[in-house]
Amino acid sequence: MNNALLYPHPSRRTVVYGNRGAAATSQPMAAQAGLDMLKSGGNAADAAVAMAMALTVLEPTSNGIGGDAFCIIWHEGKMYGLNASGPAPASVSLEQIHALGYDKIPDHGFIPVTVPGAPSAWAALSKRFGRLRLEKLAEPAIDYAKNGFPVSPIVSDNWQHAVKAYKKRLDPALFSVWADTFLANGEAPKPGQTARLPHHAKTLSEIAASGAESFYRGEIAGKIHNYFQKSNGFLTKDDLSAFSPEWVNPVSVSFRGHDIWELPPNGQGLVALMALAILGGMDLNSFGDPLSIHKMIEAIKLAFTDGQRYITDPAYMPHSAEALLSPAHINKRRSMITDTAIDPAGIPFIDHGTVYLCAADGDGTMVSYIQSNYMGFGSGVVIPETGIALQNRGANFTADPAHPNCIASGKRPYHTIIPGFITKNGKPLGPFGVMGGFMQPQGHVQVLANMLDFAMNPQSALDAPRWQWMSGRRVTLETGNPPHLADALRQMGHEIDYAPSSSTFGRGQIILRNEHGSMTAATEPRCDGCAAAW
């Protein structure tokens, strides 16, 4: 086993150790909610659900009750995957969208709203793996929503940016409902200011008491249906009642003697796996080495080219995950990498909102969980007096009828949020993830290379400056990367610019179990994160 994964390495911060449990996420109070469940007799699944529910309150700028979720869980010697992403409404068609005057799927409003999956994930994880009642897991979230919580600095900043963006992008009627839910006196909360979300408290209580049945087949479902009917939207109570999350088998590739696991499509975890498989046949010299970074960028480009071409709802994919990860295909892609930057077909990347969390307990259960509304607060559609901000995952569909990812009734779109997991010789090391839209596979690759190629511990791997491939030959370097690296990459044909360190470069969390049974937890410097251990 690579001891660099387990023991300290120079970093701005050190890892956190625990032997009875650990919880890591982007909000300290959410991490504490997870740790509280562990101390109350719960396991890692309970901790993850409590954190996920709390984050809809504590960080509404990145996720919400109306979002989607994905999870990988290791429990009693076996790995499970959960896809809680919802499909397009049954009444949606490309022809209707064209008739409404759109030649592409809009980012905001009622059209891009797909069936939310997050509440179903909380109920499913709690029922199958948890020890505590869902009502108990919801208590921290409900308390913060009802009685208030001090807003953390980065969340405050994102909240204030959202006000400006939604005021410009949303229909005034939609903005009014959004503002009634998320603003106080027309303003976003400042750092340290107490925020209250009372509608969240009531809705989370009802979800917990009903095991999410109210959200999909009860009173909450009726409120969602009525608002969409009134607004000529597509989502109906029948779409909600027909939905259930899907248990799936994670897929993996071998990288530097470890098995790296992701969920199969419709998520983009396959992009990370393809890039890792390409790099698995190449040497990476040292962190910051221009040639090594060039190889990583080129591998990401090639993996994304396939991902954007083929990934969608598996029922519509022309090639399976197994085919895209086959040695013949990977070798062909690897052979395209030279010492000069290539220019594959790409799409512009923009910043998005997501939360990632992970948890582990002393009995061996470990959870990698990710949840999102997309593009911050999501579609901008909020169901009045419920706190439910609905996602806009349908914006990832295309309007090209020849493309596998074209929007269609009951179809799930290409999805950006991806949890990760590491095993070695069939034994779990632990969960990892890096949120951030199309940055996520890139973050996975960079953090894994930092640990497995460049001998960094988890905290160092998260702290290290990153890069982001944007499209074509465009690459943005995070502040902290040295000028000589930019110069060397330009000589290889890359178009380089710099951007300040922020969540644009992803926000990650990691928990790894060492050979002594202790947990090594690390959190992201690009968010208000916390790794809590017991």
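No hydrogens, no waters, no symmetry mates; every other heavy atom, side chains included, goes into these values.
- In this structure, NE2 in H294 is found 11.0 Å from CH2 in W467, a value given to the nearest 0.5 Å.
- Side-chain contact check for T476 and D497: at least one donor-acceptor pair (N or O, by modelled atom type) lies under 3.5 Å.
- Counting only distance, with no hydrogens or angles, the side chain of T181 and the backbone of V177 share a donor-acceptor pair below 3.5 Å.
- No side-chain N or O of N405 forms a donor-acceptor pair with one of N396 less than 3.5 Å apart.
- Side chain of S231 to backbone of G233: no donor-acceptor contact under 3.5 angstrom is found.
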Check the pair F243 / F215 against side chain to side chain contact (heavy atoms under 4.5 Å, CB included), numbers first and verdict last.
CA-CA 11 Å; F243 176 75; F215 190 93; over 6 Å; no
Y414 and V271: side chain to side chain contact (heavy atoms under 4.5 Å, CB included), yes or no, with the steps?
CA-CA 11 Å; Y414 179 114; V271 172; 4.0 Å; yes
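- The shortest heavy-atom contact between A303 and A275 is CB-N, 3.7 Å.
- Side chain of E524 to main chain of Q509: no donor-acceptor pair is present (N/O by atom type, distance under 3.5 Å, no hydrogens or angles).
- Proximity of a side-chain donor or acceptor of D528 to a complementary backbone N or O of Q27 within less than 3.5 Å is not detected.
- The two residues A195 and W159 make their nearest non-hydrogen contact at CB-CH2, 4.4 Å.
- Interatomic distance, I337 CD1 to L302 CG, rounded to the nearest 0.5 Å: 5.5 Å.
- When only modelled atom types and interatomic distance are considered, R217 and S210 share no side-chain donor-acceptor pair under 3.5 Å.
- For the pair A162 and F377, the tightest heavy-atom approach, listed with the atom from each and the gap, is CB-CE1, 3.5 Å.
- The closest side-chain heavy-atom distance from W122 to L204 is below 4.5 Å.
- Looking at E246 and R412, a side-chain N of the basic residue comes within less than 4.0 Å of a carboxylate O on the acidic one, giving a salt bridge.
- The shortest distance between side-chain heavy atoms of L82 and R128 does not fall below 4.5 Å.
- At least one donor-acceptor pair closer than 3.5 Å links the side chain of Q268 to the backbone N or O of G437.
- A 4.5 Å side-chain heavy-atom check between I72 and L263 finds at least one atom pair inside the cut-off.
- Side-chain contact between S252 and I260 is absent, with no heavy atoms from C-beta onward closer than 4.5 Å.
- Note that K411 lies in the cation-pi zone of Y316, set by a 6.0 Å cut-off to the ring centre and a 45° limit from the axis.
- The CD1 atom of I297 sits 8.0 Å away from the CD atom of Q446 when rounded to the nearest 0.5 Å.
- Side-chain atoms of S62 and N158 form no donor-acceptor pair, as typed in the model, at a separation below 3.5 Å.
- The pair K301-E298 meets the salt-bridge criterion, since a charged nitrogen lies less than 4.0 angstrom from a carboxylate oxygen.
- Checked by atom type and distance alone, the side chain of H200 pairs as donor or acceptor with a backbone atom of G387 at under 3.5 Å.
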C406 vs T398, side chain to side chain contact (heavy atoms under 4.5 Å, CB included): CA-CA, chis, key distance, verdict
CA-CA 5 Å; C406 182; T398 75; 4.0 Å; yes
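- Here the straight-line distance linking atom CD of Q468 with atom CZ of R474 works out to 9.5 Å at 0.5 Å rounding.
- Closest heavy-atom contact between L240 and P116: CD2-CD, 4.0 Å.
- Inter-residue side-chain proximity for L58 and V155 is flagged as unmet; no heavy-atom pair is nearer than 4.5 Å.
- Here CD1 of I330 is found 8.0 Å from CG of L324. Values are rounded to the nearest 0.5 Å.
- The distance from the CZ atom of R393 to the CG atom of N373 is 8.5 Å, given to the nearest 0.5 Å.
- Closest non-hydrogen pair, F70 versus P419, comes out as CB-CD, 3.7 Å.
- Here the side chain of Q391 pairs a donor or acceptor atom with the backbone of D68 at under 3.5 angstrom.
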Decide yes or no on side chain to side chain contact (heavy atoms under 4.5 Å, CB included) for C358 and I510, but give the supporting numbers first.
CA-CA 7 Å; C358 49; I510 303 171; 5.7 Å; no
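- Distance alone, capped at 3.5 Å, is enough to place a donor-acceptor pair between the S326 side chain and the A323 backbone.
- Residues T523 and T25 approach most closely at OG1-O, 3.6 Å, considering heavy atoms.
- Counting heavy atoms from C-beta outward, I417 and Q440 have side chains that approach closer than 4.5 Å.
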Considering only distance and modelled atom types, tabulate donor-acceptor pairs under 3.5 Å from the side chains of residues 47-54, sequence neighbours left out.
none

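- Counting heavy-atom neighbours within 6.0 Å of D400 CG, excluding the residue itself, gives a total above 12.
- Looking at F432, Y356, F255 one by one, the single match for ring-ring contact (aromatic ring centres under 6.0 Å, His included) with H444 turns out to be F432.
- The side-chain heavy atoms of D107 and R169, taken from C-beta on, include no pair separated by under 4.5 Å.
- Aromatic ring centres of F129 and Y80: separated by under 6.0 Å.
- Y498 OH: more than 12 foreign heavy atoms inside a 6.0 Å radius.
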Quick one: do S214 and E219 satisfy side chain to side chain donor-acceptor pair (under 3.5 Å)? Show the steps, please.
CA-CA 5 Å; S214 178; E219 183 177 344; 5.6 Å; no
Given E59 and R507, is the salt bridge (Lys or Arg N to Asp or Glu O under 4.0 Å) satisfied, shown in steps?
CA-CA 13 Å; E59 195 173 335; R507 305 184 310 182; 2.5 Å; yes
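- In terms of modelled atom types and a separation under 3.5 Å, the side chain of R526 and the main chain of L462 share a donor-acceptor contact.
- Looking only at side-chain heavy atoms (C-beta outward), I73 and F421 stay at 4.5 Å or farther from each other.
- D306 and H329 share a side-chain donor-acceptor pair at under 3.5 Å.
- With D239 contributing its side chain and A90 its backbone, the two residues share a donor-acceptor pair below 3.5 Å.
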